[in-house]
Structure formats: structure tokens, C-alpha cells
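Before any comments, here is the structure.
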Amino acid sequence: MSNSAQTSASKRIEALLDENSFVEVGKLISARATDFNMTEQETPADGVVTGYGTIEGNLVYVYSQDTAVLGGSVGEMHAKKISDIYTMAMKMGAPVVGLVDCAGLRLQEATDALNGFGQMYLSQTMASGVVPQITAVFGTCGGGMAVSAAITDFTFMEEKKGKLFVNSPNTLDSNYTAKCDTASAKFQSEDAGLVDYVGDEASIMEQIRALVSILPANNEDDMSYDECTDDLNRVCEGLEACAGDTALALTLISDNSFFMEMKKMYAPEMVTGFIRLNGTTVGCVANRTEVYSVGEKTASYDGVLTANGCTKAADFVNFCDSFNIPLLTLVNVKGYKADKHSERKIAKAAARLTYAFANATVPKVTVVAGQAYGTAYLTMASKSIGADVVYAWPNASIGMMDGTAAAKIMYAGEIAASDNASALIAQKAAAYNEKQSSAVSAARRGYVDDIIEAADTRKRVIAAFEMLFTKREGRPDKKHGTV
């Protein structure tokens with residue numbers, strides 16, 4: 001390794017990669033700037049250790065910033081080393097993992113550092129959708145480095161020492177760190193939605209290793225398959241009780257109960273994550289109305305689409321489509337969140353999610369586990385926007401709206417004149433539900449392919465994805481969409 005071999009930068013690489021697999025690239029590179037007494041500064045590896053190694057035998061490229069060298073600041077050669085790693089990763093078709101601990105741009109190099117940073121952005125942009133990009137923040141990730149982290153596909157953050165910000169909390173009007181630490185892992189994961197996972201260094205390394213092991217190496221050579229040791233026909237008894245806590249439902253149907261949830265703390269009413277089905281990595285999107293922990297309900301949600309939830313899901317769907325990862329959607333939604341704040345963003349956010357699902361060409365299977373009302377259901381990978389296979393559980397409701405609400409609108413005059421309004425509403429609602437809002441009525445119209453028992457979800461979904469394995473679907477010739 002470089003002269004920084006004993007620093008935290010190199011130790012982090014050793015903790016991440018398979019034992020003795022790391023090969024350093026560019027270890028003799030140092031800063032070439034001479035202004036402001038830079039010739040007197042020792043800059044081994046120019047403050048960033050770069051190279052390649054393996055995770056579970058899978059090739060990955062990695063860079064790790066070294067705070068022992070000018071605070072890990074990004075200079076011209078520092079940025080060039082990262083860009084060079086991206087060039088190699090693109091040629092070989094392997095993921096890039098960045099371990100960030102950076103003081104920002106190196107002031108002594110000014111425009112040279114800026115140009116290098118811009119070239120780094122360009123390298124990341126070219127790699128987007130070609131190889132997976134992962135960032136882990138262990139120290140400071142501020143200013144332009146925060147933008148770099150946001151370009152990548154997944155961001156992990158150390159819970160105590162990690163700081164991620166474009167503008168420091170104390171520079172924001174009427175704010176200071178003690179009042180609202182906008183650079184903290186808590187803020188970035190729960191409020192900003194930029195961070196996928198928060199934990200200590202050891203758990204972050206473990207999560208990155210797990211993620212790399214289930215993702216394709218690139219957008220063409222899929223190495224995300226593994227041997228399935230679980231029963232393909234396993235019956236999931238009691239799964240219908242998980243219609244609200246869909247994260248639990250996904251865990252139960254997955255091979256050996258594997259479920260890796262992404263952005264768990266952000267917009268928790270929308271679940272996104274990865275499971276394994278017959279050894280294949282499958283991306284999952286699901287509505288969530290409640291959360292259970294050790295048999296106790298710990299949280300509940302309204303069962304509606306929110307702007308943050310739609311944005312979170314759209315980004316996830318786009319990632320899965322870019323890397324040919326099949327999509328499973330569990331639906332339990334009754335509409336859109338209705339408040340003034342939501343109205344600022346919900347239309348565009350829902351449009352983005354609708355577009356993401358409709359535009360995706362990977363195999364798409366949807367299971368209606370609870371309610372599926374109005375255009376909110378259409379957005380959640382319905383048959384009408386391109387789902388290949390749609391199943392529904394027997395008690396699912398699919399239609400324009402709840403039968404009671406529909407009855408009150410359709411029979412308002414009769415209800416007003418009735419001596420027993422509640423009984424009349426119940427009667428009319430039951431008729432409406434049977435004719436317009438039941439799983440059976442949707443299946444009769446071809447909007448649902450089959451009504452399945454909840455316990456059979458695992459084997460039916462596995463069979464559907466096996467049938468869809470060779471799916472090929474064309475799209476109109478265009479540069480890209482604009483949504």
C-alpha cells in the first residue's frame with residue numbers, strides 16, 4: 001500500500017474487502033501543485049487510497065479518503081485518481097465503492113481542484129446505470145462531495161461521526177447545529193432521504209458487502225444469482241395478516257427470509273428493498289400501513305401515497321430497471337395524502353413513480369394485498385401501466401373508491417330521504433363492492449390475472465418470474481423521457 005497504509009483510509013478498505021484481495025492503484029501519486037508552499041507538504045497518495053479487490057469473490061473498485069493528508073481534501077490529482085478508478089470500473093463492468101472522509105476542495109489548488117472535481121462528476125454520470133455506485137460517509141462529506149454522494153446509487157452513513165451537507169448547518173438562516181443538525185445521519189436519512197442506511201463502521205461494511213453480493217456487477221453481465229436452498233413451494237401461513245406490514249410480508253416470502261430494506265427511515269409508508277426468490281435478486285416496492293416489532297404494533301400510517309414515498313419508490317424502480325432487476329410490487333393504497341404541504345409536490349412525485357413503473361422493461365409482478373383504489377392504485381404498477389402479471393388476495397378491494405364512500409355519493413338523494421340511512425348505505429355499499437370493488441370483479445374484467453391465497457404468494461410469484469425470465473419489451477425510439 002501507499003505511505004498511508006496504517007491510516008483509517010486503508011483500514012477501512014481492509015475491513016470492506018475480502019482478506020488480502022486489495023491491490024492499490026496509483027500509490028506513488030502525489031500533489032503536483034507548487035503554490036502556497038505546497039512543495040513543502042507531504043501528500044502521499046494525494047490523500048486518497050484507490051484500487052480494486054473482491055467482495056465475496058466479486059470484483060469491486062474502491063477509493064478511500066485519507067484525512068491524515070491535508071484533511072482528505074480533494075485536489076487535482078486526488079480527483080484524477082478517483083476518475084481513473086471509474087474508468088477502470090467501466091471497462092471491467094464492476095461496482096465502485098467510495099469511502100468518504102473529506103475536508104472539501106483543496107484551496108491551495110483552486111481551479112485545478114475544481115476542474116478535477118468536475119471530471120469526477122462526469123465519470124460518475126457516465127457510470128450511472130452502467131455499474132452500481134455506493135458511497136459510505138465516515139467523516140465529513142460537505143459541499144461538492146455531498147453532490148458526488150447524491151449522484152451514486154446508494155449512500156451509507158456512520159451514525160455519530162458522519163456529516164453530510166451542501167451548506168453547513170450553522171450557515172443556514174436562523175439555524176445552528178444544536179437547533180437542527182442538518183448534516184447529521186438522522187436528518188439525512190429521515191428528513192432528506194439521501195441516506196439508505198445508518199450505523200457504525202462495522203455494520204456499514206457488513207451492509208455494503210451484503211448489497212454488493214446481491215447486485216449485478218453491471219447492466220449487462222448479471223452475476224446476482226445464487227443457489228436457492230429454500231423450498232420453492234413453501235407455504236407462508238398467516239401471510240394475510242401482513243397486508244399492513246408489507247416489509248414483514250416480503251421477509252416471509254423471500255428465500256431464507258432475506259430482506260434488505262433501503263431508505264427504511266425515510267417515508268416509511270413506502271417500502272423499498274431487495275429480496276431473493278429462487279436465488280434471484282428481486283427489487284420490491286410496497287405500501288405500508290403499519291409496523292410490527294416482536295408482535296407489537298410500533299407505528300401506523302394512512303395507506304396513502306405521499307410525495308416523499310413516491311420519489312423514494314421512483315428512484316428505486318429506475319435503479320432496478322437500469323440493472324435488469326425484476327420488480328415485485330405489493331399494493332395496499334387508498335389514495336393520496338391530502339394536505340397543503342403535500343399538494344406542493346404530490347402530482348409531480350406521483351407522475352414520476354407512474355412513469356418509472358410504466359417505463360421499466362424488466363419483469364414486473366404485482367400483488368394486491370389490501371386496498372387498491374383510484375389512480376393511486378394505477379401508479380402502483382397496475383396492469384394498465386404495464387405490469388406483466390397481477391395477482392390479488394381474496395379479500396383485496398380494487399376499484400375507484402371504498403363502497404361506503406361511493407354509495408354516499410351515488411345515492412345521496414335516497415339516503416337523505418331514508419328513515420334508516422345507515423342500513424341503506426350498508427346495503428348499497430355491499431352491492432357496489434361486489435360489482436365494482438372486489439378482486440373477483442377486477443379479475444372478470446381482466447385487470448387481475450388470478451386470485452390467490454395469501455399463503456401461496458411465494459410459489460406463485462416465483463413461478464411468474466420464472467415465466468418472465470426471457471422477457472423482451474421494446475420502447476419507442478427516443479433519446480430519453482422527460483418526466
Q) Can you tell if the side chain of Thr281 reaches within under 4.5 Å of the side chain of Tyr225, non-hydrogen atoms only? A) no
Q: For the pair Leu305 and Met380, evaluate side-chain contact (heavy atoms from CB on, under 4.5 Å) and give the outcome as yes or no after the intermediate values.
A: CA-CA 9 Å; Leu305 293 183; Met380 288 297 295; 4.0 Å; yes
Q. How many angstroms lie between CG in Asp112 and NZ in Lys80, if you round to the nearest 0.5 Å?
A. 13.0 Å
Q: Drop me the distance from Ser21's OG to Leu59's CG, to the nearest 0.5 angstrom.
A: 9.5 Å
Q) Any chance the side chains of Asp196 and Thr155 put a donor and an acceptor closer than 3.5 Å? A) no
**Q.** Ile82 vs Val48, side-chain contact (heavy atoms from CB on, under 4.5 Å): CA-CA, chis, key distance, verdict
**A.** CA-CA 8 Å; Ile82 295 175; Val48 61; 4.3 Å; yes
List the atom pairs, donor and acceptor, that lie under 3.5 Å between side-chain atoms in residues 88-100 and the rest of the protein, sequence neighbours left out.
none

(Q) Side chains of Tyr197 and Leu211, heavy atoms from C-beta outward: is any pair under 4.5 Å? (A) no
**Q.** Arg475 and Thr361: side chain donor to acceptor below 3.5 Å
**A.** no
Q. Taking atom types as modelled, is there a side-chain donor on Asp84 or Thr87 under 3.5 Å from an acceptor on the other?
A. no
**Q.** Any donor-acceptor N/O pair, Ser128 side chain to Gln124 backbone, under 3.5 Å
**A.** no
Q. Would you say the side chain of Phe319 lies within less than 4.5 Å of the side chain of Ile325, judging by non-hydrogen atoms?
A. yes
Q | Lys186 bridged to Asp191 by N-O distance under 4.0 Å | A | no
Q: Start with the C-alpha gap between Thr354 and Thr379, add the side-chain angles, then the distance that decides, and say whether side chain to side chain donor-acceptor pair (under 3.5 Å) holds.
A: CA-CA 5 Å; Thr354 305; Thr379 293; 2.8 Å; yes
Q. Within the side chain of Ser184, is there an N or O that forms a donor-acceptor pair under 3.5 Å with the backbone of Asp181?
A. yes
Q: Could you walk me through whether Leu16 and Arg209 pass the side-chain contact (heavy atoms from CB on, under 4.5 Å) test, one step at a time?
A: CA-CA 7 Å; Leu16 174 67; Arg209 287 178 61 86; 4.2 Å; yes
Q: State whether the side chain of Thr246 and the backbone N or O of Asn287 hold a donor-acceptor pair below 3.5 Å, judged by distance alone.
A: yes
Q) Do any N or O atoms from the side chain of Lys364 and from the backbone of Phe357 form a donor-acceptor pair under 3.5 angstrom? A) yes
Q: Report yes or no: does Asn256 contribute a side-chain atom to a donor-acceptor pair with the main-chain N or O of Phe258 at less than 3.5 Å?
A: no
Q. About how many Å separate OG1 of Thr311 and CG of Asn308, when rounded to the nearest 0.5 Å?
A. 6.5 Å
(Q) Do Tyr61 and Val25 make a side-chain contact, defined as non-hydrogen atoms from C-beta onward lying under 4.5 Å apart? (A) no
Q. Is it true that a side-chain atom of Asp226 and a backbone atom of Gly279 form a donor plus acceptor pair closer than 3.5 Å?
A. no
Q) Are any side-chain N or O atoms of Lys163 and backbone N or O atoms of Cys141, one a donor and one an acceptor, separated by less than 3.5 Å? A) no
Q. Can you name the nearest heavy-atom pair linking Tyr373 to Ser397, along with the distance?
A. OH-CB, 3.2 Å
Q.
Please check: side-chain N/O of Asp245 versus main-chain N/O of Tyr292, any donor-acceptor pairing under 3.5 Å?
A. yes
Q) Do the ring centers of Phe316 and Phe274 come within less than 6.0 Å of each other? A) yes
**Q.** 4.5 Å side-chain heavy-atom contact, Val62 and Phe22
**A.** yes
Q.
I'd like to know if Glu261 pairs up with Arg288 as an ion pair, taking the criterion as any Lys NZ or Arg NE/NH1/NH2 lying under 4.0 Å from an Asp or Glu carboxylate oxygen.
A. yes
Q.
Please report the interatomic distance CG(Leu250) to OG(Ser254), rounded to the nearest 0.5 Å.
A. 8.5 Å
Q: State, with a plain yes or no, whether a side-chain heavy atom of Met205 is found less than 4.5 Å away from one of Glu14.
A: no
Q. Which atom names give the shortest non-hydrogen contact between Val483 and Ala351, and what distance separates them?
A. CG1-O, 3.9 Å
Q) Is it true that Asp230 and Arg458 make a salt bridge, defined as a side-chain N closer than 4.0 Å to a carboxylate O? A) yes
Q. Using a distance-only test with no angle check, is there a side-chain donor-acceptor pair under 3.5 angstrom linking Ser293 and Thr298?
A. no
**Q.** Atom CZ of Phe465 with >12 non-hydrogen neighbours under 6.0 angstrom
**A.** yes
Q.
List the residues meeting side chain to side chain donor-acceptor pair (under 3.5 Å) with Thr375, not counting sequence neighbours, and say none if there are none.
A. Tyr336
Q) So, Asp101 and Arg12, do they make that salt bridge, N to O below 4.0 Å? A) yes
Q) Do Trp393 and Val368 come close enough that some side-chain heavy atom pair is under 4.5 Å? A) no
**Q.** Minimum-distance pair of heavy atoms, taken over all atoms of Gly53 and Leu17
**A.** CA-CD1, 3.9 Å
Q. Which residue, Lys337, Lys345, Glu269, forms the side chain to side chain donor-acceptor pair (under 3.5 Å) with Thr306?
A. Glu269
Q. Can you list the steps and then say if Arg352 with Asp315 is a salt bridge (charged side-chain N to carboxylate O under 4.0 Å, His left out)?
A. CA-CA 9 Å; Arg352 282 195 62 220; Asp315 289 342; 2.9 Å; yes
Q) Does a donor on one side chain sit under 3.5 Å from an acceptor on the other, for Gln133 and Tyr86? A) yes
Q | Heavy-atom pair with the smallest gap, counting every atom of Val285 and Val317 | A | CG2-CG2, 3.9 Å
**Q.** Spatial distance of atom CD1 (Ile275) from atom CE (Met260) [nearest 0.5 Å]
**A.** 14.0 Å
Q. Ile346 and Cys310: which non-hydrogen atoms are nearest, and at how many Å?
A. CD1-SG, 4.5 Å
Q.
Under a 3.5 Å distance rule, please check whether Asn175 uses its side chain to pair with a backbone N or O of Pro169 as donor and acceptor.
A. yes
Q. How many angstroms lie between atom CG of Asn58 and atom CD1 of Ile214, to the nearest 0.5 angstrom?
A. 11.5 Å
Q) Considering residues, nucleotides and ligands other than Glu206, do more than 12 of their heavy atoms fall under 6.0 Å from its CD? A) no
Q: Check whether any side-chain heavy atom of Phe138 lies under 4.5 Å from a side-chain heavy atom of Gln65, and answer yes or no.
A: no
(Q) For Glu24 and Thr50, which I'm curious about, is there any donor-acceptor pair between the side chains at under 3.5 Å? (A) no
Q. Would Phe156 and Gln207 satisfy side-chain contact (heavy atoms from CB on, under 4.5 Å), going step by step from the backbone distance to the final call?
A. CA-CA 9 Å; Phe156 297 75; Gln207 288 293 307; 3.7 Å; yes
**Q.** For the student: nearest non-hydrogen atoms of Lys312 and Met270, plus distance
**A.** NZ-O, 2.6 Å
Q.
Treating Asn359 as the side-chain partner and Tyr355 as the backbone partner, does any N or O pair qualify as donor plus acceptor under 3.5 Å?
A. no
